[in-house]
Peer 1: 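Structure provided below as structure tokens; questions to follow.
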Amino acid sequence: MKINYNNVSLRISAGLPNQFPKDPIPQIAFSGRSNVGKSSLVNCLLNRKSLARVSGQPGKTITVNFYDIDKKLFFVDLPGYGFAKRSAEDQKRWSGLVETYLTKSEELRLVIQLIDMRHGPTEDDNLMLSFLNEMEIPYIVVATKADKLNKTEFNAMAGALGTHPLIAEDTPIIPFSAIKPTAAEDIRKAILSAIESQ
């Protein structure tokens, strides 16, 4: 399948599950804590600078954003988790929206789970990894902000992620930096592989 990543538009920012598009095309979801770099990754993969909005107030927006790519694929930007200032009501809304999407979407082919490479998986990341494993949802790990580490730190964190007990064996782990986005093609290949394997 050939996909023109430049032919893209925001279909909807869905705040309710009944707003999720029902088009019979594959969906690739992006998951991660607030401020981990999801918008930067989505923009990089789509060769844009500001299609996916980088929030000045992490965790403020609770919507699932569906990007229609070439009428062949949806990128699904899930709202970030782990933002401490979010109210209990907002946290409940986030949980309901994201869990409904992840468990009910018939077109979901892959979750791209973002983890900040400077710090490794947080408690919230571990909860998400456990959820993905339990629900048997296919995923890869993209380790963001890779440019912020020196070589020793990079190697140590790469090793720690590779042996992390909650990251399923043989799961691709792709270091990524929005400043040096050389890993974008590897991520696109993982996306295509997930689409073509199902």
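Counting begins at 1 with the first residue of the sequence.
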Peer 1: Can you tell me if Thr100 uses its side chain to pair, donor with acceptor, with the backbone of Gly96 under 3.5 Å?
Peer 2: yes

Peer 1: Drop me the distance from Asn4's CG to Lys72's NZ, to the nearest 0.5 angstrom.
Peer 2: 8.0 Å

Peer 1: Let me see the working for Phe66 and Asp77 under side chain to side chain contact (heavy atoms under 4.5 Å, CB included), right down to the final yes or no.
Peer 2: CA-CA 7 Å; Phe66 288 81; Asp77 186 7; over 6 Å; no

Peer 1: Take Asp125 and Met128 through the test side chain to side chain contact (heavy atoms under 4.5 Å, CB included) and record every step on the way to the result.
Peer 2: CA-CA 5 Å; Asp125 291 327; Met128 181 57 77; 5.7 Å; no

Peer 1: Give a yes or no answer on whether the side chain of Ser105 reaches the backbone of Leu102 with a donor-acceptor pair at less than 3.5 Å.
Peer 2: no

Peer 1: Answer whether the closest heavy-atom distance between the side chains of Tyr101 and Leu108 falls below 4.5 Å.
Peer 2: yes

Peer 1: Walk me through whether Thr144 and Asp116 qualify under side-chain hydrogen bond (donor to acceptor under 3.5 Å, both in side chains).
Peer 2: CA-CA 5 Å; Thr144 62; Asp116 189 328; 4.8 Å; no

Peer 1: Does any donor atom in the side chain of Asn43 or Ser40 lie under 3.5 Å from an acceptor atom in the other side chain?
Peer 2: no

Peer 1: May I ask you to test the Gln113-Ile140 pair for a side-chain heavy-atom distance under 4.5 Å?
Peer 2: no

Peer 1: Looking at CD of Gln27 and CD of Glu106, how far apart are the two atoms once the value is rounded to the nearest 0.5 Å?
Peer 2: 10.0 Å

Peer 1: Any non-hydrogen side-chain atom of Lys38 less than 4.5 Å from a side-chain atom of Val36?
Peer 2: yes

Peer 1: Taking atom NZ of Lys145 and atom CG of Leu114, what is their separation to the nearest 0.5 Å?
Peer 2: 9.5 Å

Peer 1: With rounding to the nearest 0.5 angstrom, report the OG to CG distance, Ser13 to Asn65.
Peer 2: 3.5 Å

Peer 1: Counting C-beta onward and ignoring hydrogens, is there a side-chain heavy-atom pair between Asn126 and His164 closer than 4.5 Å?
Peer 2: yes

Peer 1: Drop me the distance from Thr63's OG1 to Leu97's CG, to the nearest 0.5 angstrom.
Peer 2: 8.0 Å

Peer 1: Side chains of Asn6 and Asn47: do they bring a donor and an acceptor to under 3.5 Å?
Peer 2: yes

Peer 1: Report whether Val111 and Leu166 are members of the same hydrophobic cluster (ILVMFWY, side-chain heavy atoms less than 4.5 Å apart, transitive linking).
Peer 2: yes

Peer 1: Are Glu196 and Met1 close enough that some pair of their side-chain heavy atoms sits under 4.5 Å apart?
Peer 2: yes

Peer 1: Around atom CD of Glu123, are there more than 12 heavy atoms from other residues, nucleotides or ligands closer than 6.0 Å?
Peer 2: no

Peer 1: Evaluate whether atom NZ of Lys180 has more than 12 neighbouring non-hydrogen atoms of other residues, nucleotides or ligands under 6.0 angstrom away.
Peer 2: no

Peer 1: Quick one: do Leu161 and Leu127 end up in the same hydrophobic cluster if we chain Ile, Leu, Val, Met, Phe, Trp and Tyr together by side-chain heavy atoms under 4.5 Å apart?
Peer 2: no

Peer 1: With a 4.0 Å cut-off on N to O distance, would you call Arg109 and Glu107 a salt bridge?
Peer 2: yes

Peer 1: With a 4.0 Å cut-off, would you call Lys92 and Glu89 a salt bridge?
Peer 2: no

Peer 1: Are Ile112 and Phe176 packed together at the side-chain level, in the sense that at least one heavy-atom pair is separated by less than 4.5 angstrom?
Peer 2: no

Peer 1: Quick one: CZ on Arg48 to OG on Ser39, what's the gap to the nearest 0.5 Å?
Peer 2: 14.5 Å

Peer 1: Ring centres under 6.0 Å, that's the criterion: do Tyr67 and Phe74 meet it?
Peer 2: no

Peer 1: How are the rings of Tyr5 and Phe75 set to each other: parallel, tilted or perpendicular (split at 30° and 60°)?
Peer 2: tilted

Peer 1: Just by distance, no angles: are the side chains of Thr103 and Glu99 close enough, under 3.5 Å, to form a donor-acceptor pair?
Peer 2: no

Peer 1: Hydrophobic cluster membership, with links at side-chain heavy-atom distances under 4.5 Å among I/L/V/M/F/W/Y: are Leu16 and Ile62 in one?
Peer 2: no

Peer 1: Are side-chain heavy atoms of Leu73 and Ile25 found at a separation under 4.5 Å?
Peer 2: no

Peer 1: Which residue in the set Asp147, Thr182, Leu149 passes side-chain contact (heavy atoms from CB on, under 4.5 Å) when paired with Ser177?
Peer 2: Asp147

Peer 1: Between Phe30 and Leu45, does a side chain to side chain contact (heavy atoms under 4.5 Å, CB included) hold up when you go through it step by step?
Peer 2: CA-CA 12 Å; Phe30 294 75; Leu45 292 174; 3.7 Å; yes

Peer 1: Quick one, Val8 and Asp68 - any side-chain contact, counting heavy atoms below 4.5 Å?
Peer 2: no

Peer 1: According to a hydrophobic-cluster definition based on side-chain heavy atoms being under 4.5 Å apart (Ile, Leu, Val, Met, Phe, Trp, Tyr only), do Met135 and Leu132 belong together?
Peer 2: yes

Peer 1: Go through the side-chain N and O atoms of Thr122 and Asp124 and say whether any donor and acceptor fall under 3.5 Å apart.
Peer 2: no

Peer 1: Do Val98 and Ile12 sit in the same hydrophobic cluster, where Ile, Leu, Val, Met, Phe, Trp and Tyr count as joined when their side-chain heavy atoms come under 4.5 Å apart?
Peer 2: yes

Peer 1: How far apart are the closest heavy atoms of Ala146 and Met117, and which atoms are they?
Peer 2: CB-SD, 3.9 Å

Peer 1: Working note: Leu46 + Ile69, criterion side chain to side chain contact (heavy atoms under 4.5 Å, CB included); need CA distance, chi angles, decisive distance, verdict.
Peer 2: CA-CA 9 Å; Leu46 299 177; Ile69 302 163; 3.7 Å; yes

Peer 1: Is any NZ, NE, NH1 or NH2 atom of the basic residue among Arg11 and Asp23 found under 4.0 Å from an Asp or Glu carboxylate oxygen of the other?
Peer 2: yes

